[in-house]
Amino acid sequence: MSGATQELHGAHSVRLQRTEWIKVWDPFVRIFHWSLVGLFAFSFLTGDEWKSAHILSGYLIAGLVALRVVWGLIGSEHARFANFIYRPTTVISFLADTARMRATRYIGHNPAGGAMVVALLAAISGIATTGYMMTTDAFWGIEWVEETHEALVYGTLGLVGLHLAGVAFASFEHRENLVRAMLNGWKRSR
């Protein structure tokens, strides 16, 4: 093999190695995700202890969720809801395959992950809505609003636990670090 051919072959190999990775999570999705994690934790910890900060955090969360819904309609490929919302039968089938350790690997959200995104957005929207209601004259001190707010918070904590377990399981099953992917945006292309 001549030096020029080796050089070309070496450059081609480097190029092949680079194409092994694909940008999946855009900056907005990553900033949204980690901001929501931080604000939800802050809101949970402040609760009744630091009311004004808790309320401000709730408004920020509501704003983030609203932006994420818009981004789910017009954003990048893997951020769009159309890319990761599946029929319930597909989600159930995926979960059954996961239990058998033979689930298909997805570049973006898998069917269970997509269902979790929808469930978390709905639950957090409910928390923000009931939280706002508690600040109004019409609903201030109404017991069912407060109880619903609290139930949604604890339900969301349960969803977060399932989400973390799913991320850990999928990372193990497909031998990839999904947390790192949500930090830097990159995943293996295969």
Side-chain angles (χ1 to χ4, degrees), residues 17-46 53-54 56-88 90-95 97-98 103-129 131-132 152-153 155-190:
Q17 289 172 348
R18 286 187 191 145
T19 58
E20 198 174 314
W21 295 92
I22 184 170
K23 189 74 161 185
V24 176
W25 308 121
D26 63 62
F28 176 81
V29 168
R30 297 189 331 264
I31 291 167
F32 162 80
H33 180 271
W34 295 112
S35 297
L36 187 59
V37 168
L39 287 167
F40 184 82
F42 179 81
S43 290
F44 182 77
L45 294 172
T46 57
H54 182 82
L56 176 60
S57 179
Y59 282 123
L60 291 173
I61 287 171
L64 276 176
V65 168
L67 288 171
R68 180 60 182 97
V69 168
V70 170
W71 198 242
L73 299 173
I74 66 168
S76 62
E77 176 185 2
H78 297 290
R80 286 189 300 251
F81 298 129
N83 186 272
F84 62 81
I85 294 178
Y86 297 89
R87 294 180 205 178
T90 303
V91 175
I92 291 166
S93 177
F94 177 84
L95 289 170
D97 286 345
T98 297
T104 302
R105 179 178 173 270
Y106 287 75
I107 295 296
H109 287 99
N110 62 45
M116 183 58 72
V117 169
V118 172
L120 284 167
L121 288 174
I124 291 169
S125 295
I127 294 168
T129 300
Y132 171 74
L152 286 168
V153 168
T156 300
L157 286 174
L159 290 174
V160 168
L162 287 173
H163 173 58
L164 293 173
V167 167
F169 195 84
S171 292
F172 173 76
E173 182 179 14
H174 300 294
R175 292 170 175 66
E176 66 183 335
N177 187 335
L178 293 177
V179 175
R180 182 180 61 211
M182 190 50 76
L183 288 168
N184 67 21
W186 294 88
K187 286 180 78 176
R188 284 189 342 262
S189 61
R190 302 176 249 212

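Everything quoted here is computed from the prediction, not taken from an experiment.
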>> I'd like to know if the side chain of T156 reaches the main chain of L152, judged simply by a donor and an acceptor atom lying under 3.5 Å from each other, with no hydrogens or angles considered.
In response: yes

Nearest-0.5 Å distance, [atom1] of residue [X] to [atom2] of residue [Y]:
X    : Y    : atom1 : atom2 : result
R180 : S171 : CZ    : OG    : 9.5 Å
E77  : I22  : CD    : CD1   : 7.0 Å
R80  : I85  : CZ    : CD1   : 12.5 Å
N177 : M182 : CG    : CE    : 12.0 Å
L162 : M116 : CG    : CE    : 5.0 Å

>> Does atom CZ (F28) have a neighbourhood of more than 12 heavy atoms from anything else shown, all under 6.0 Å?
In response: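 Enclosed.
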
Minimum heavy-atom distance [X]-[Y], with the two atoms named:
X    : Y    : value
S57  : L39  : OG-O, 3.3 Å
L64  : L36  : CD1-N, 3.9 Å
E173 : T98  : OE1-CG2, 4.0 Å
F94  : A103 : CE1-CB, 3.6 Å
N83  : H78  : OD1-ND1, 3.6 Å

> W25 versus S76: any side-chain heavy-atom pair under 4.5 Å?
Replying inline: no

> Parallel, tilted or perpendicular for Y106 and Y86, by the 30°/60° rule?
Replying inline: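 Correct class here is perpendicular.
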
> After noting the C-alpha distance and the side-chain angles of K187 and L178, does the key distance pass the side-chain contact (heavy atoms from CB on, under 4.5 Å) rule?
Replying inline: CA-CA 8 Å; K187 286 180 78 176; L178 293 177; 3.8 Å; yes

